[in-house]
Amino acid sequence: MTEFTLTDLEQIVATRAKAAPEESWTAKLVAAGQPKAAKKLGEEAVETVIAAVTGDRKNLIDESADLLYHLMVVLNIAAVPLQDVMSELARRTSQSGLQEKANRQNP
């Protein structure tokens, strides 16, 4: 089995976002705009949490895949490259989570 990465998913989402909305769920979400895509992301997040809390491993895997997909759609609409998110994760993981939280500026 070949390794599938979030970068692969980002590229697939970018390609499908350019299709006709009647031909692609991704294109349909993109055409509906960020509020619709973000709402779907939130729904998938809740479903992922429920699967985790109930200990439903199979559903946790399925819902996590849905969550990551919808996150890629939201990032695509916002023109935020996955690499920007990965760079932020790299920055944060260069220190402990407790130290990172303490160093955040309050809004």
Side-chain angles (χ1 to χ4, degrees):
M1 183 174 166
T2 61
E3 177 111 4
F4 185 80
T5 68
L6 288 178
T7 301
D8 295 333
L9 180 57
E10 178 184 43
Q11 292 169 352
I12 290 167
V13 165
T15 299
R16 291 182 181 171
K18 297 173 187 168
E22 59 275 1
E23 296 175 6
S24 165
W25 171 246
T26 303
K28 189 172 185 171
L29 272 176
V30 170
Q34 193 66 288
K36 173 71 174 176
K39 181 180 176 193
K40 285 299 296 175
L41 176 63
E43 290 170 5
E44 298 303 340
V46 169
E47 292 170 0
T48 302
V49 169
I50 291 168
V53 169
T54 60
D56 185 343
R57 186 177 191 283
K58 169 72 170 99
N59 205 31
L60 178 57
I61 292 167
D62 293 345
E63 295 302 337
S64 294
D66 290 346
L67 180 62
L68 290 172
Y69 161 77
H70 285 90
L71 176 59
M72 291 299 107
V73 173
V74 165
L75 291 175
N76 176 275
I77 293 170
V80 173
L82 177 61
Q83 186 53 54
D84 289 1
V85 177
M86 300 308 289
S87 294
E88 178 60 13
L89 282 171
R91 185 192 68 76
R92 289 182 183 190
T93 56
S94 66
Q95 57 190 333
S96 78
L98 295 175
Q99 181 183 15
E100 189 275 328
K101 284 186 178 194
N103 290 338
R104 287 186 193 174
Q105 293 181 356
N106 291 327

* Asked: Between atom CD of Glu47 and atom CG of Asn59, what is the distance when rounded to the nearest 0.5 Å?
  -> 8.0 Å

* Matching residue for Leu41 among Leu75, Leu29, Leu67, Asp66 - test: side chain to side chain contact (heavy atoms under 4.5 Å, CB included) -> Leu67

* **Whether Thr93 side chain and Ala90 backbone form a donor-acceptor pair below 3.5 Å** => yes

* Under 4.5 Å between side-chain heavy atoms, hopping through other hydrophobics if needed: is there a path connecting Tyr69 to Val49? -> no

* **Contact summary for Ala27 and Ala19, nearest pair of heavy atoms** => CB-O, 3.2 Å

* Structure fact -> Scanning both residues in full, the closest heavy-atom pair of Ala17 with Val30 reads CB-CG2, 3.8 Å

* Nearest-0.5 Å distance, CG of residue Asp56 to OG1 of residue Thr48 -> 11.0 Å

* **Distance, nearest 0.5 Å, that separates CE of Met86 from CD of Gln83** => 7.0 Å

* **Test item: Glu63 side-chain N/O and Glu44 main-chain N/O as donor-acceptor pair under 3.5 Å** => no

* Asked: Out of curiosity, does Leu6 fall in the hydrophobic cluster containing Ile77 (side-chain heavy atoms, cut-off under 4.5 Å, transitive links)?
  -> yes

* Under a 4.5 Å side-chain heavy-atom rule over Ile, Leu, Val, Met, Phe, Trp and Tyr, are Val80 and Ile12 clustered together? -> yes

* Structure fact -> Rounded to the nearest 0.5 Å, the CD atom of Gln11 sits from the CE atom of Met72 at a distance of 11.5 Å

* Minimal non-hydrogen separation, Asn76 against Ala14, with atom names -> ND2-CA, 3.6 Å

* Taking atom CD of Glu10 and atom CG of Leu71, what is their separation to the nearest 0.5 Å? -> 10.0 Å

* Asked: According to a 4.5 Å side-chain heavy-atom criterion applied to Ile, Leu, Val, Met, Phe, Trp and Tyr, with indirect links allowed, do Leu68 and Leu60 form part of one hydrophobic cluster?
  -> no

* Roughly how far, to the nearest 0.5 Å, is NZ of Lys28 from CD of Glu23? -> 12.5 Å

